[in-house]
Asker: 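If you scroll down you'll find the structure; I have some questions about it.
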Amino acid sequence: MTGEILVAVEHRQGALSPASLETIAAAIELKGDTDRSIAVAVIAEKPDDFVAQVSKAGVDE
Amino acid sequence: MPVASFQSDVYEAAVLALAEARKPAVILFPHSVDTWGYAPAVAMRGGFGCATDVIDVKYDGGDLVAVRAVYAEKLHMEVDFPERETVVLTVRTNVFKPTEADGSPAVSEFAAPQTQARTEHITYIEPEQTGDVDISQAEYMLSVGRGVGEEENVEQFKELADSLGFTLGCSRPIADNGWLPKSRQVGQSGKTVVKCKVYVAMGISGSVQHMAGMKHVPSIIAINKDAEASIFTIAKYGVVGDMFEIAEELRGHFS
Amino acid sequence: MKILVPVKQISVVDEDFELRADGKDVDPDYLDTEANEWDDYSYEAALEIMEAADGDVEVVPVTVGPDDAEDVLRRCLAKGGDRGIRVWDDDLVDATPAAIAKVLAKVVAKEQPDLVFTGTLSSDRSFAQTGVSLAAELGWPHVAVVTGIDWKPGDPKATLKRELEGGLIEEVSVECPAVLTIQLGINTPRYASLRGVKQAKEKPVQEWSLADLGLTGAELAAGASFRVRRMYKPETGRAELIEGTTAEQAARLAAIINELRGAA
Ligand SMILES: Cc1cc2nc3c(=O)[nH]c(=O)nc-3n(C[C@H](O)[C@H](O)[C@H](O)COP(=O)(O)OP(=O)(O)OC[C@H]3O[C@@H](n4cnc5c(N)ncnc54)[C@H](O)[C@@H]3O)c2cc1C
C-alpha cells in the first residue's frame, strides 16, 4: 500500500490559515522515510493565490 | 458556485472527488472550526476511517496509527484503522511546527464538481472591540476560570490582579456567563496573549481551547485544587490548592 | 414541527484510576458520569424555539447510552419536553462516533424531526464528530459550532451564527431540515424547578435496541471510525509544585512573581 498523503488546507477572508501550514508539517513528518508522496489541495475560487504559500519543501504536488 | 467562503457541501464534494480520483491513504485536515463542519462528513460519505484532534501520527509497520487526547487531556488514546483504504485525520493546532523551507511542487488543477450548496454565507461579524484593555498586548496576566464559582467572587481577583500590576483575563465560561467581558477571554475563540511573559491561571483546568491562547507563555503559574488538572502539564510552577485561600494569603504580599 | 436533541452522558475520570483489563479504556469503576455541558445549551436552544412557537413545536431528547444514561434524559425533561428516547445495546459499549451517528440517523428516520440540535462536542472524548457525521448519514445540510439561531416553525431556512477562531462570527443560512451543532454560550441554560424534576419522573422514555432500529452490532463495527489500540497516561511536562502551608505557598509564589516581573 503506497497511497499518497493528501492535505486539505483552508483559508478565510483571503488568507491561508496558519494551521494549514502545521498540517503540511504533520504530513511531512508522517511521510518520514516512506515512499509516499504528499499532495496539497487548496479548495478555492482562485487557488493560485495560495499555491506559493503551500509550496513547502517535501510537498510533491 | 463561488467558494470565496467556507461551504460544507462544496468542500465535501471537492474532497470526495479528489479522494475518488487519487485514492489517498490519508487525508489530513487542520482541526479547526471549518473542518469540524466537514471532515467527519467526508469520512462518513466516503466510508473512510476517521480520527479527529490528532496530536501524533505515524506508520507502525504498514499500519497508520494516530494518537489523540481524551478525558480532559488526562489520557491518550492510540487508534488504528484496520481495512480502511483511506483515513481522514484532523490535526490539532500548535503541535506540528511548519517548515520554513520552500519547495517547488508540481501544480495541477482539479475542477471541483458542480455542487448546489445548501448553506449560504451572509456576512462576517468581527468581535466587538470594547473600550476595555487589549489582553493580547498584556505582559503580565492573572486569569480566573470556572473555579471562581460565582460572579461576586470575580471582583476580589480583579483587585488582586490590580495589586500585582497584572491584567485580569478569564477562561470561556466566565465570559459566557457575562461575569467578565468577552474581550478578556483567553483561548481559541478569544484572544491569544502574544506578549505575555507571566500568566497566573487560577481555577482553570487547561482545556485545549484555553491553552491555544496561552500555552506559549514562558512562565505559567497554575493554581488548581485538582492535582491532575492538565494545566499543570504546561505550567512552570504549580500550587495544588484552593484559589481563594491562596489569593487571601497573596494579598498580604502585594498591598 | 419537531426538534430532536441528541444528548450524552459523559464519563469523568477520578483522580486516581486504573485501566480496564484490555488496556483500551479506563476501568468503569474509576469513572463518574455527568451530563455533557454542550447539551445544556442545545436543549435550551430547542426549548426557546418551542416556547416562542407557542405549542407548535415538540422537543424530544434522545440518548444512546446504558440504563443509567436515562438520568440525562430526565434532566432534560425536567426543563421541558414530554417524552424521551433511549437507545441501547451491549454492542454499543465501545461505539465510535460513526456508529452513534448511524444509530441516531435511524432515530431521525423514525421521528422525522425538522431540525436536529447536537452539542458541538462532548467533553470526555472530544471528537466533535457526531453531529456532522449524522448529517452526512442523513444527507442533510449541517452547520457546526452554532452560536445563534433564527428559525420559526415553517421557515424553509434558518439564519445562524457560526463561531470561528478568534471570536470572529459568520452569519450563514441553511436549508431545513438540517443538523446544527450547538456551541457553549449561545444562551443561558435554565435550571430545572423542583416541580419539573418531579414531573420528569413520570414522563415516558421509549427504549429501543439496535434490532428495533433495524441495525446490527456487526454492521456498526464494520463502519467504525477507528479501532482503539490502547489508552495510556502520557508522559508530560510537570510544573514544579510549591508545597507547604497555604501561607508558605503564597510567600513562595509572591517571591516568584516578584522575581519574574523583575521587581525588588
Ligand atoms: C470551539 C470551542 C472554542 C472554545 N474556545 C475557548 C476559549 O477561547 N477559551 C476558553 O477558555 N475555553 C474555550 N472553550 C471551552 C473549553 O472547552 C472549556 O470548556 C473551558 O476552557 C473550561 O474552562 P475552565 O478551565 O475555566 O473550567 P473547567 O474545565 O470547569 O475547570 C475549572 C477548574 O477549576 C478548578 N477549581 C474549582 N474550584 C477551585 C478552587 N476553589 N480552587 C482552585 N481550583 C478550583 C477545578 O479543579 C477545574 O480544574 C472552547 C470550546 C470550544 C468547543
Side-chain angles (χ1 to χ4, degrees), chain A, chain B residues 1-7 10-15 18-19 22-35 38-39 42 54-59 62-64 66 85-110 112 124:
Chain A
M1 290 288 296
T2 49
E4 70 178 5
I5 302 168
L6 179 66
V7 182
V9 295
E10 63 178 26
H11 53 91
R12 179 177 298 147
Q13 294 175 306
L16 191 78
S17 79
S20 295
L21 297 180
E22 296 176 18
T23 309
I24 295 173
I28 293 169
E29 201 175 305
L30 175 62
K31 174 178 170 175
D33 42 38
T34 67
D35 52 3
R36 291 170 198 276
S37 56
I38 298 177
V40 175
V42 182
I43 303 163
E45 203 175 354
K46 295 198 219 80
D48 298 355
D49 303 355
F50 304 107
V51 165
Q53 295 177 60
V54 302
S55 296
K56 293 287 168 193
V59 173
D60 301 287
E61 185 178 346
Chain B
M1 199 79 215
V3 280
S5 65
F6 172 71
Q7 265 150 354
V10 177
Y11 276 52
E12 278 167 47
V15 175
L18 269 173
R22 307 179 68 103
K23 306 270 184 234
V26 191
I27 312 176
L28 295 177
F29 300 83
H31 189 62
S32 66
V33 173
D34 279 356
T35 59
Y38 89 105
V42 167
V54 161
I55 53 179
D56 194 13
V57 52
K58 53 183 176 276
Y59 278 103
D63 297 337
L64 181 70
E85 245 171 76
T86 300
V87 173
V88 163
L89 298 177
T90 70
V91 177
R92 178 176 287 187
T93 50
N94 297 315
V95 173
F96 293 90
K97 269 221 153 7
T99 14
E100 298 291 334
D102 287 332
S104 41
V107 178
S108 52
E109 284 206 16
F110 184 84
Y124 287 114

Asker: Between B:Asn94 and chain A, with a heavy-atom cut-off of 4.5 Å, which part of the residue counts as in contact: side chain, backbone, both or neither?
Answerer: both
Asker: When only pairs under 4.5 Å are counted, which of B:Ile27, B:Val54, B:Val91 shares the most heavy-atom pairs with chain A?
Answerer: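 Going by pairs under 4.5 Å, I would pick B:Ile27.
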Asker: If you round to the nearest 0.5 Å, how far is CG of A:Leu6 from CG of B:Leu18?
Answerer: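 Reported value, rounded in 0.5 Å steps: 6.0 Å.
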Asker: May I have all residue pairs that pass salt bridge (Lys or Arg N to Asp or Glu O under 4.0 Å) and include part of residues 93-105 of chain B, sequence neighbours excluded?
Answerer: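 Listed once each, the pairs are A:Lys56-B:Asp102.
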Asker: To the nearest 0.5 Å, what is the distance between OH (B:Tyr59) and CG (A:Asp33)?
Answerer: 12.5 Å
Asker: How about A:Arg12 and B:Tyr124: does a side-chain donor come under 3.5 Å of a side-chain acceptor?
Answerer: no
Asker: Under 6.0 Å from the NZ atom of B:Lys58, do we count more than 12 heavy atoms belonging to anything else shown?
Answerer: yes
Asker: Which bit of A:Ile38 comes within less than 4.5 Å of chain B, counting heavy atoms only: side chain, backbone, both or neither?
Answerer: neither
Asker: I want to check something: taking the side chain as every heavy atom from C-beta on, are A:Leu30 and B:Leu64 in contact at a cut-off of under 4.5 Å?
Answerer: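 Contact flag for A:Leu30/B:Leu64 side chains = yes.
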Asker: Does any heavy atom of chain B fall under 4.5 Å from the side chain of A:Val59, the backbone, both, or neither of them?
Answerer: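 A:Val59 touches chain B through backbone and side-chain heavy atoms alike.
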Asker: Out of curiosity, A:Thr23 OG1 to B:Leu89 CG, how far, rounded to the nearest 0.5 Å?
Answerer: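 So the gap between those two atoms works out to 10.5 Å.
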Asker: So which part of B:Thr90 gets closer than 4.5 Å to some heavy atom of chain A, the side chain, the backbone, both or neither?
Answerer: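 Nothing of B:Thr90, per the 4.5 Å heavy-atom cut-off to chain A.
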Asker: Of all of A:Val42, A:Val9, A:Ile5, which one pairs up most often with chain B through heavy atoms under 4.5 Å apart?
Answerer: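 Top option by heavy-atom pairs under 4.5 Å: A:Ile5.
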Asker: Quick one: what part of B:Ala14 sits under 4.5 Å from any heavy atom of chain A, side chain, backbone, both or neither?
Answerer: side chain
Asker: Evaluate A:Glu22 against B:Val95 for side chain to side chain contact (heavy atoms under 4.5 Å, CB included), listing each step before the verdict.
Answerer: CA-CA 8 Å; A:Glu22 296 176 18; B:Val95 173; 5.8 Å; no
Asker: With a 4.5 Å limit on heavy-atom distance, are the side chains of A:Glu29 and B:Val57 in contact?
Answerer: no
Asker: Rounded to the nearest 0.5 Å, what separation is found between the NZ atom of B:Lys23 and the CD atom of A:Glu4?
Answerer: 12.0 Å
Asker: Rounded to the nearest 0.5 Å, how far does CD of A:Glu10 lie from OH of B:Tyr11?
Answerer: 8.0 Å
Asker: Under 4.5 Å heavy-atom distance to chain B, tell me which part of A:Ser37 shows up: side chain, backbone, both or neither.
Answerer: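 No part of it gets close to chain B.
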Asker: Can you give me the closest heavy-atom contact between B:Pro30 and A:Ala8, atom names plus distance?
Answerer: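 The pair with the smallest heavy-atom distance is CD-O, 3.3 Å.
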Asker: Which region of A:Ile24, side chain (C-beta onward) or backbone (N, CA, C, O), has a non-hydrogen atom less than 4.5 Å from a non-hydrogen atom of chain B, or is it both or neither?
Answerer: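 Neither part, no heavy atoms under 4.5 Å.
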Asker: If I measure from the heavy atoms of chain B, does A:Glu61 come under 4.5 Å with its side chain, its backbone, both, or neither?
Answerer: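 When you check distances to chain B, atoms from both the backbone and side chain of A:Glu61 fall under 4.5 Å.
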Asker: Going from CD on B:Glu109 to CG on A:Asp48, what distance comes out if it is rounded to the nearest 0.5 angstrom?
Answerer: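 Spacing of CD (B:Glu109) from CG (A:Asp48) equals 6.0 Å.
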